[in-house]
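These notes are about the structure you will find just below.
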Amino acid sequence: KNDKPLSPVTLLSKKAVSPTPLDQWISMALKNRPEWIRAGLEAKTALAELKKSRARNLPSLSLNGNYEIKSEGFDSSKGNYTLGAAVSMNLFSGFGYSAKTEEALLRARQVRHFKEELENKIELEVKQAYYDVMSAQKRINAANTAVDQAKEAMRIVSNRYDSGILPVVSLLDAEVAVYEAKNNCNR
């Protein structure tokens with residue numbers, strides 16, 4: 001059985017919080033979160049679908065060409081070619097294209113709202129974590145101050161005990177206060 005006392009390997013008070021501003025933490029989170037990246041890709045896809053749907057109503061132009069060589073031998077040849085162009089325009093499609101365009105528009109809006117909601121959620125998570133760290137840092141600083149104050153009180157009580165002014169119980173109480181402050185600092 002090992003009766004050696006346990007002590008923390010690293011003290012929390014030694015670690016300083018990075019002075020990175022909150023907005024940089026938020027932009028890092030948005031840049032690195034997979035669901036945010038996926039939402040951005042979904043938004044691009046929805047906009048591409050909307051463009052494609054709107055393009056169905058535009059007129060289309062087709063060009064074609066053909067060239068032939070007719071010859072009975074290798075010495076004489078006659079060329080024949082054709083060129084053509086066709087323009088097509090949808091006059092009425094039974095509102096099918098309009099419905100598909102409306103569906104694509106609604107999908108793009110839905111994805112945009114989802115992305116905004118996700119951005120707000122990520123920002124809230126980052127802000128909560130940031131303020132939790134700031135609060136923890138303040139608690140650590142307060143605990144370190146309490147340890148320093150307990151040590152100073154212990155020094156004063158020890159001097160008074162050595163002078164015979166205070167009883168040993170006061171010295172023991174001051175020692176307990178130092179241990180409690182150290183214990184609170186390491187929580």
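Numbering of residues begins at 1 and proceeds along the displayed sequence.
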Test Lys121 against every option in Glu125, Glu123, Glu119 by the salt bridge (Lys or Arg N to Asp or Glu O under 4.0 Å) rule and name the one that passes.
Glu125
Do you know which two heavy atoms are closest between Ala39 and Phe114, and how far apart they sit?
CB-CE2, 4.1 Å
Nearest heavy atoms of Ala150 and Ala181, plus distance in Å
CB-CB, 4.1 Å
Side-chain touch Thr101/Leu105, heavy atoms, less than 4.5 angstrom
no
Check the hydrophobic clustering (I, L, V, M, F, W, Y; side-chain heavy atoms under 4.5 Å; chains of links allowed) and say if Ile37 and Leu118 are grouped together.
no
For the backbone of Thr82 and the side chain of Asn66, can you confirm whether one donor and one acceptor N or O come within less than 3.5 Å of each other?
no
With a 4.5 Å heavy-atom cut-off, do Val87 and Ser60 have their side chains touching?
no
Quick one, Glu175 and Leu172 - any side-chain contact, counting heavy atoms below 4.5 Å?
yes
Is there side-chain contact between Ile26 and Tyr130, with heavy atoms separated by less than 4.5 Å?
no
Would you call Glu35 and Arg38 a salt bridge, taking side-chain N to carboxylate O under 4.0 Å as the test?
no
Could you tell me whether the side chain of Lys138 reaches within less than 4.5 Å of the side chain of Ser135, counting heavy atoms only?
no
Side chain Asn183, main chain Tyr179, donor-acceptor under 3.5 Å
no
Less than 4.0 Å between a side-chain N and a carboxylate O, is that true for Glu49 and Lys52?
yes
Side-chain touch Lys100/Arg54, heavy atoms, less than 4.5 angstrom
no
Is the shortest side-chain heavy-atom distance between Glu42 and Arg112 below 4.5 Å?
no
To check you understand the geometry: which heavy-atom pair defines the closest contact between Lys182 and Val147, and what is its length?
N-CG2, 3.7 Å
Please tell me if the side chains of Lys44 and Leu47 come closer than 4.5 Å, counting only heavy atoms from C-beta onward.
no
Is Lys31 positioned over the aromatic face of Trp36, cation under 6.0 angstrom from the ring centre and no more than 45 degrees off axis?
no
Looking at every non-hydrogen atom in both residues, tell me the closest pair between Ser158 and Leu171 and how far apart they are.
CA-CD1, 3.9 Å
Run through Val178, Asn159, Val176, Asp173 and flag the one making a side chain to side chain contact (heavy atoms under 4.5 Å, CB included) with Met154.
Val178
Could you report the tightest heavy-atom contact between Ala46 and Val111, atom names first, then the distance?
CB-CG2, 4.2 Å
Keeping the roles fixed (side chain from Ser170, backbone from Leu166), state whether a donor-acceptor pair exists under 3.5 Å.
no
Of all the heavy-atom pairs spanning Gly65 and Leu83, show the shortest one and how long it is.
CA-CD2, 4.0 Å
Do you see a donor-acceptor pair shorter than 3.5 Å between the side chains of Glu116 and Asn120?
no
